[in-house]
Structure formats: C-alpha cells, structure tokens
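Input: a single structure, listed below in structure tokens.
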Amino acid sequence: MHDDDASDADTARKDPVPDGLSVAEVMDVLRGTTPVSITGMALLAFLYTAYFAAGLFLPILFAIFLSIMMHPLVQAMKRLGIPRAIAALVVVIGLFSLLTGAMAQLSTPAEQWLQRLPSIQRELEAKLWPVTRSIEQAKVATEKIQDLADGDTASTEKPEVTVKERSLLSRIFETTWLTVVQVLIVFALTFFFLAQDNEKTRNVIRNLPLRKHRESVEEIFESVQRTITRFLQISAAIYVSLGVVTTLGMYFLNMPNPILWGCMATVFGFMPFVGPLIVFGCIAMVSLLTFDHWWHFVAPPALYGGLTIVEGYFITPAVVGRHLTVSPIAIFLSMLLWTWVWGMAGALLAVPILVVLTTVARHLIVIMRDRKKDRPEPEYEERAPLARPT
C-alpha cells in the first residue's frame, strides 16, 4: 500500500502538465503572449522617451503639420512658374511675419487682462454682490465669533509689497532661450519639408531594404499623407472661419478686443472639448466685467456657445466625417495622453497624431487580412494526446 502511494507521488512530480493541455499548447500560449508583452514594453519606452525628449519631438511634429497645411500655397506658386524652394521660402517668411505681427498686436490686450487678474476677483464680487451678500455676511459673522473665542482683538497690519509686472512678450521669451530656438527650428524644418519634393520621399521609401513590405510601406505613406493633409486643411479652414465669425460677433456686441477672442477661438479650436470651454469661460468672465445689463452680459458667451455647437455638431461632422471618422472616446483619451506627455502642445497635436495612428492601423489591418486570405491554410496532422504515465 505504501508502494502505491509512493508511485502516485512520483507520477505527480514527473507530470507537471495539467489534464487536457499538452506541451505544444503551452508553448503556443507563450508564443502568443510574447508579442503583446514586447509591444507593451516598446510603447512604455516610447512614451518615456517622448516625455523627456519633448524638445526634440515637438518642433519636428509642429513643422510637419505646418508644412502639410501650407503645402497648397507652395503648389499654387509652383504652378505659376516659381521654383519650389523660393515658393517655400516666401510661404515660411509670410507665415513667420503673420504670427509675429499677430503676437505683437495681441500682446497688449492680453497683457492688460493679465495685469487685471489680481483685481478681477473684487470686480466679480462687486458685480455679483446681490447674490454673494448673504454669504459674505455669514463669513464676517463667523470670523467675529472666532475672534471672540480666541480672544485675539489685536490687529496687525501687514506691509503691502508691490511687484512690477513684466510684459507678456518678455515673460514668454525671457523664460528660456530654448523657446526661441525651438521656434526657429520649427520654421527651418517647415521650409525644408515644403521645399522637399514628394517624389524624393517616395524614392527613399522604394530604396528601403524591405523587399517584401516595400509596396505596403509606400501605400501606407501615401494614404497617411492624403488623410492628414485633407484633415488638417479642412480643420484649419473650419477653425479660421470660426475665428472670423467670432471676431465679427464680438465686435458687433461691443466686446473689448474682438480680434483676441477670434484668435483664441481659432487656436483653441484644435483642442477638442477643452479648448472651447476655455474660450467660453474667458468670454463669459470678460463680458461679466464689462457690461451691466444681464442680457448684454449673456449675449457674447451665448453667441460663442452657439457657434461652437453648430461647428461641432453640424459643420465638422458633415465635412470631416466624409473622409475620416474617429470615435469621440478615442479623441478624449488621446487628449488626456498627449496633454500628460507634452502639456498644451500635446493637446494641440493630439487629434492629428490620432488621425495618423488610426490611418496606419486601418491599413495594417487591411493588409494583414488580404495576406491571410491569399495564404493557403496549412494542413495539420492529427496527433494522439499525450498519455499520462502509469
């Protein structure tokens, strides 16, 4: 009897494979999980590198997307007989002059509102005094009761220190010279991308040492180029139009600095969900500080809110949805991810990056599906299951 127990124990030690699962099946499971693990580690390594190498990645990405949006202008000048390099230089210089002039013009009103930030709270309290009076009275009564309980009747005056505010441009460019260098890198790379002929890029792809996948890589590149070009150009046209209409609406409603709100509507339009909320909050706050009548105060934010609703629910889906459909959940998650990695710059680049990744993923799925159809199915021989040792 003891011999039988010993033999069963030896059998359990010699047979580590559970019932119904062969060694080959265990190896198949391990082979299946290995690519997933490697992909996850590569993704984490990429995000880690992107976080700490933002100064390298951001100028390149901004230059790529700017060159895509400015590409039609270069093509139009090339049709007129202007060489591509000269056309690219003219477009880059014009873009740089336009952005510099806009910053110079908008820095003064933006600086004025930044200087008013310390007094905005008091102005808002004065505007909302009928609403907040009861809350303020309760607060004062609570403070008096607390003073009586502590027995602290002595009041000490604290000296006020006034700090001279620097201008907005000085705060932007005196933060670090790296910002100026990055801006120059963006415009330099934009020029090189615009001056580069697409045929040269295709020749580089054709010369890659990937004989089997060369056509697939070229097809993916052309598809990504078409999709992102269409998306960025259509989005830029929509948001510039939104900025122009916002400027005109704020002007007719007597809002101060209407051009500032139009530029904010254009730039922050590239940040879904978050950007329109920021612009709406700023317009509502300035409107409350500027006007006295409630209907005059409600009109500017209501106008901008109506414009964003029309743009977000009707115009953009009708125009962009014909060429590309992206899930709002994916857009929101992309915003969270790239804002965490690169801050405000990542929020501006989140949707274009998502469009590129979505286009590449769709083409890879189609290519893998086609190859799976063309590949003959292997014939497997039926093997008897492994017998348990006795």
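- Between P258 and F252, the closest side-chain pair of non-hydrogen atoms is not below 4.5 Å.
- In this structure, F291 and H296 have parallel ring planes: the angle between them is below the 30° cut-off, well short of the 60° mark.
- Remark: side-chain polar atoms of T190 are not paired, donor with acceptor, to backbone N or O of S67 under 3.5 angstrom.
- No donor-acceptor pair closer than 3.5 Å links the side chain of S334 to the backbone N or O of V351.
- Connection of V244 to I238 is not established within any shared hydrophobic cluster, with ILVMFWY side chains joined at heavy-atom distances below 4.5 Å, either directly or through further cluster members.
- V279 and M264 make their closest contact through CG2-O, 3.7 Å (heavy atoms, listed as atom of the first residue, atom of the second, distance).
- Residues L277 and L348 are members of separate hydrophobic clusters, defined by side-chain heavy-atom contacts under 4.5 angstrom among Ile, Leu, Val, Met, Phe, Trp and Tyr.
- Side-chain atoms of T266 come within 3.5 Å of backbone N or O of Y239 as a donor-acceptor pair.
- Within 6.0 Å of atom CZ in F192, 12 or fewer heavy atoms from other residues, nucleotides or ligands are found, so the atom counts as exposed in its surroundings.
- In terms of modelled atom types and a separation under 3.5 Å, the side chain of T290 and the main chain of S287 share no donor-acceptor contact.
- By the 30° and 60° cut-offs, the orientation of the rings of F52 relative to Y48 is tilted.
- Expressed to the nearest 0.5 Å, how far CG of L354 lies from CZ of F231 amounts to 8.5 Å.
- Linking Ile, Leu, Val, Met, Phe, Trp and Tyr whenever their side-chain heavy atoms come within less than 4.5 Å puts I234 and V310 in one cluster.
- Looking only at side-chain heavy atoms (C-beta outward), F280 and I283 stay at 4.5 Å or farther from each other.
- Counting heavy atoms from C-beta on, the side chains of V90 and M77 come closer than 4.5 Å.
- Distance CG/L66 to CZ/F187: 7.0 Å, rounded to 0.5 Å.
- Proximity of Q75 to P72: side-chain heavy atoms (C-beta onward) are nowhere separated by under 4.5 Å.
- Taking CG of L242 as the reference point, atom CZ of F268 lies at 13.0 Å (rounded to 0.5 Å).
- Between M335 and A347, the shortest heavy-atom contact is SD-O, 3.5 Å.
- Nearest heavy-atom pair, P59 versus V186, reported as atom, atom and distance to 0.1 Å: CA-CG2, 3.5 Å.
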Can you check side chain to side chain contact (heavy atoms under 4.5 Å, CB included) on V355 and L232, steps first, answer last? CA-CA 10 Å; V355 171; L232 287 178; over 6 Å; no

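- Formation of a donor-acceptor pair under 3.5 Å by the T308 side chain with backbone atoms of Y304 is found in this model.
- The aromatic rings of W340 and Y51 lie parallel to each other, with less than 30° between the two planes, well short of the 60° mark.
- When all heavy atoms are compared, the tightest approach of L194 to A88 is CB-CB, 3.6 Å.
- Within a 6.0 Å sphere centred on CD1 of I259, heavy atoms belonging to other residues, nucleotides or ligands number 12 at most.
- Residues I353 and F65 share a closest heavy-atom pair of N-CZ, 4.4 Å.
- Note that CD of Q225 is 11.5 Å distant from CZ of R230, once rounded to the nearest 0.5 Å.
- Considering only heavy atoms from C-beta on, T229 stays 4.5 Å or farther from H71 through its side chain.
- Rounding to the nearest 0.5 Å gives a distance of 6.5 Å between CZ of F57 and OG1 of T49.
- For the pair A345 and F62, the tightest heavy-atom approach, listed with the atom from each and the gap, is CB-CE1, 3.9 Å.
- The hydrophobic cluster containing I315 also contains F270, counting ILVMFWY residues as joined when their side-chain heavy atoms lie under 4.5 angstrom apart, directly or transitively.
- No continuous path of hydrophobic side-chain contacts links Y313 to L307 [ILVMFWY only; heavy atoms under 4.5 Å].
- The CE atom of M285 sits 9.5 Å away from the CG atom of L288 when rounded to the nearest 0.5 Å.
- Counting heavy atoms of neighbouring residues, nucleotides and ligands inside a 6.0 Å radius, atom CG of L43 exceeds 12 of them.
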